[in-house]
Amino acid sequence: MRRYHRALRIGDFKTLHSFSLLAFLRRTDRVKDLVIVLANPTDGDVEEQLVVPDENLLEYTLFRDTFSGAEARIHGGTIEAKVPPQTVRVFHMVDEEGPSSEQYKRIYGAFRTFDSVSPMASLG
């Protein structure tokens with residue numbers, strides 16, 4: 001898994017505040033590398049809304065669990081996810097193409113983050 005997620009190899013570590021989950025994120029200088037890890041050590045399902053403190057994330061960004069394919073979206077700087085008992089979710093960002101091309105091309109430096117966005121396309 002570390003081979004496929006750059007943030008798990010070299011990313012910064014930031015704990016997320018949670019009541020019942022072990023939750024943290026790993027991030028690099030590239031917004032697409034952000035990974036959110038949620039582990040449920042309890043014997044029951046846990047559904048929580050967690051604050052994701054990354055100013056580069058856009059509203060409604062899609063995250064997908066590497067193991068199960070479960071999906072969650074960013075809303076107002078938070079993510080809500082349901083984690084089954086004794087399970088770990090490793091959410092990675094999915095770069096969706098929006099109505100006007102890639103959603104992150106307006107952010108400075110996005111052409112270095114996503115292969116599909118060229119520097120000239122970012123100039124206007």
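Numbering starts at 1 and runs along the sequence shown. Only a predicted model underlies this, so the values are computations on that prediction, with no experimental measurement involved.
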| Going through the distances and angles, do F24 and K14 end up as a side chain to side chain contact (heavy atoms under 4.5 Å, CB included)? | CA-CA 6 Å; F24 63 90; K14 172 83 173 146; over 6 Å; no
Consider only side-chain heavy atoms of I, L, V, M, F, W and Y, link residues closer than 4.5 Å, and tell whether [X] and [Y] are in one cluster.
X   : Y   : result
L22 : V35 : no
F67 : V37 : yes
M93 : I10 : no

Can you tell me how far [atom2] of [Y] sits from [atom1] of [X], rounded to the nearest 0.5 angstrom?
X   : Y   : atom1 : atom2 : result
R73 : E80 : CZ    : CD    : 14.0 Å
T78 : Q49 : OG1   : CD    : 4.0 Å
F91 : I74 : CZ    : CD1   : 10.0 Å
E59 : T61 : CD    : OG1   : 8.0 Å
L50 : L21 : CG    : CG    : 6.5 Å

Hey, does the side chain of [X] reach the backbone of [Y] with a donor-acceptor pair shorter than 3.5 angstrom?
X   : Y   : answer
T87 : P85 : yes
S68 : D65 : no
N40 : P84 : yes
E48 : F19 : yes

Minimum side-chain heavy-atom gap [X]-[Y] below 4.5 Å:
X   : Y   : result
V51 : H17 : no
V88 : L38 : no
D12 : T28 : no
L25 : P53 : yes

| query | Would you say the side-chain atoms of Q86 and D43 include a donor-acceptor pair closer than 3.5 Å? | reply | yes
| field | Residue from R26, K32, R27 passing salt bridge (Lys or Arg N to Asp or Glu O under 4.0 Å) with D54 | value | R27
| query | Centres of the F63 and H92 rings: under 6.0 Å? | reply |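 Here the rings of H92 and F63 have centres that are no less than 6.0 Å from each other.
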| Is a salt bridge present between D33 and R9, judged by a nitrogen-to-oxygen distance below 4.0 Å? |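 No, D33 and R9 are not salt-bridged.
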| query | Just wondering, are more than 12 heavy atoms of other shown residues or ligands nearer than 6.0 Å to CZ in F13? | reply |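 Above 12, so yes.
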